[in-house]
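Each remark here refers to the structure printed beneath this line.
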Amino acid sequence: MPALQRSLVLAKPDAVQRGLATEVIRRLEQRGLKIVGLKFMRIDASLARRHYAEHEGKPFFDGLVEYITSAPVIAAVFEGSDAIAAIRTAIGSTNPAEATPGSIRGDLGMERGRNLVHASDSPESGAREVALFFQPSELIDWHRDLDGWIHE
């Protein structure tokens with residue numbers, strides 16, 4: 001049986017500004033992934049630097065921090081069987097020009113630096129990123145919290 005995983009998904013400033021954040025969420029829900037956390041927020045520089053820590057020292061690091069802090073984002077945690085791979089396939093290649101048609105970036109993305117969405121790239125980064133953006137009390141346990149309300 002595939003592993004149950006959680007991934008952080010950010011509808012980046014360009015998705016919010018272009019009115020596409022709900023489309024990002026809709027497409028991931030249609031794949032069968034469940035939202036277990038959701039918030040509309042501004043990311044401050046401290047959080048952005050921790051989020052992108054693996055890129056610190058690279059020439060594009062400051063641009064990443066500047067961009068993700070430039071406007072509000074929607075932060076979500078999605079859960080599902082092999083959620084990381086499912087989400088990465090649904091969003092498409094980092095460069096929208098190379099993204100598969102039918103993927104979020106392939107259909108809606110404009111350029112590499114404004115590619116609409118971030119998603120965790122491994123179960124380990126998923127756990128780390130979710131913990132950066134959400135307190136445990138902000139996350140729903142579908143089986144515990146909603147048992148009897150929605151059936152799979």
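Every heavy atom of this structure was used, including side-chain atoms; hydrogens, water molecules and symmetry mates were not.
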### Task
Let me see the working for Glu79 and Leu139 under side-chain contact (heavy atoms from CB on, under 4.5 Å), right down to the final yes or no.
CA-CA 11 Å; Glu79 180 180 84; Leu139 301 173; over 6 Å; no
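- Here the closest non-hydrogen pair linking Leu33 and Ala83 is CD2-CB, 3.8 Å.
- No donor-acceptor pair under 3.5 Å is formed between the side chain of Asn115 and the backbone N or O of Pro96.
- With rounding to the nearest 0.5 Å, the separation of CD1 in Ile84 from OG in Ser122 is 6.5 Å.
- The side-chain heavy atoms of Val73 and His118, taken from C-beta on, include no pair separated by under 4.5 Å.
- Taken to the nearest 0.5 Å, the CZ atom of Arg105 stands 11.5 Å off from the CG atom of Leu108.
- Side chain of Tyr67 to backbone of Asp14: a donor-acceptor contact under 3.5 angstrom is found.
- Rounding to the nearest 0.5 Å places CD1 of Ile104 at 10.0 Å from CG of Leu20.
- In this structure, Leu64 and His55 have side chains that are in contact, with non-hydrogen atoms separated by less than 4.5 Å.
- By the 4.5 Å heavy-atom criterion applied to side chains, Arg42 and Thr69 are not counted as neighbours.
- Between Phe133 and Leu10, the closest side-chain pair of non-hydrogen atoms falls below 4.5 Å.
- In the displayed structure, Met41 atom CE is contacted under 6.0 Å by more than 12 heavy atoms of other residues, nucleotides or ligands.
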### Task
Determine, step by step, whether Phe78 and Val36 satisfy the side-chain contact (heavy atoms from CB on, under 4.5 Å) criterion, reporting the C-alpha distance in whole Å, the side-chain angles of both residues, the deciding distance to 0.1 Å, and the verdict.
CA-CA 6 Å; Phe78 280 89; Val36 297; over 6 Å; no
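- Side-chain contact between Leu8 and His51 is present, with heavy atoms from C-beta onward closer than 4.5 Å.
- Follow the hydrophobic side-chain contacts under 4.5 Å out from Ile68 and you reach Leu47 in the same cluster.
- Note that CD1 of Ile91 and CG of Leu28 are 8.0 Å apart. Values are rounded to the nearest 0.5 Å.
- Heavy-atom minimum distance, Val16 versus Ala21: CG2-CB, 4.2 Å.
- The two residues Leu116 and Gly109 make their nearest non-hydrogen contact at CD1-N, 3.6 Å.
- When all heavy atoms of Ala119 and Glu129 are compared, the pair lying nearest together is C-OE1, 4.5 Å.
- We find that Arg27 and Glu23 are joined by a salt bridge, their nearest charged nitrogen and carboxylate oxygen being less than 4.0 Å apart.
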### Task
Go through the steps to decide whether Thr100 and Ser103 satisfy the test side-chain hydrogen bond (donor to acceptor under 3.5 Å, both in side chains), and finish with yes or no.
CA-CA 6 Å; Thr100 305; Ser103 69; 5.4 Å; no
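- A cation-pi geometry, defined here as NZ or CZ lying under 6.0 Å from the six-membered ring centre and within 45° of its normal, holds between Lys39 and Phe134.
- Side-chain contact between Glu54 and Arg128: present, with at least one pair of heavy atoms (C-beta onward) separated by less than 4.5 Å.
- Linking ILVMFWY side-chain heavy atoms closer than 4.5 Å, directly or via other members, places Val9 and Val130 in two distinct hydrophobic clusters.
- Of the inter-residue distances, the one linking Arg88 atom CZ with Asp121 atom CG reads 5.5 Å to the nearest 0.5 angstrom.
- Taking the side chain as every heavy atom from C-beta outward, Ile25 and Leu38 approach each other to under 4.5 Å.
- When every heavy atom of Phe61 is checked against every heavy atom of Tyr52, the shortest pair comes out as CE1-O, 3.3 Å.
- Across all non-hydrogen atoms, the minimal contact from Ser7 to Ile87 is CB-CD1, 3.6 Å.
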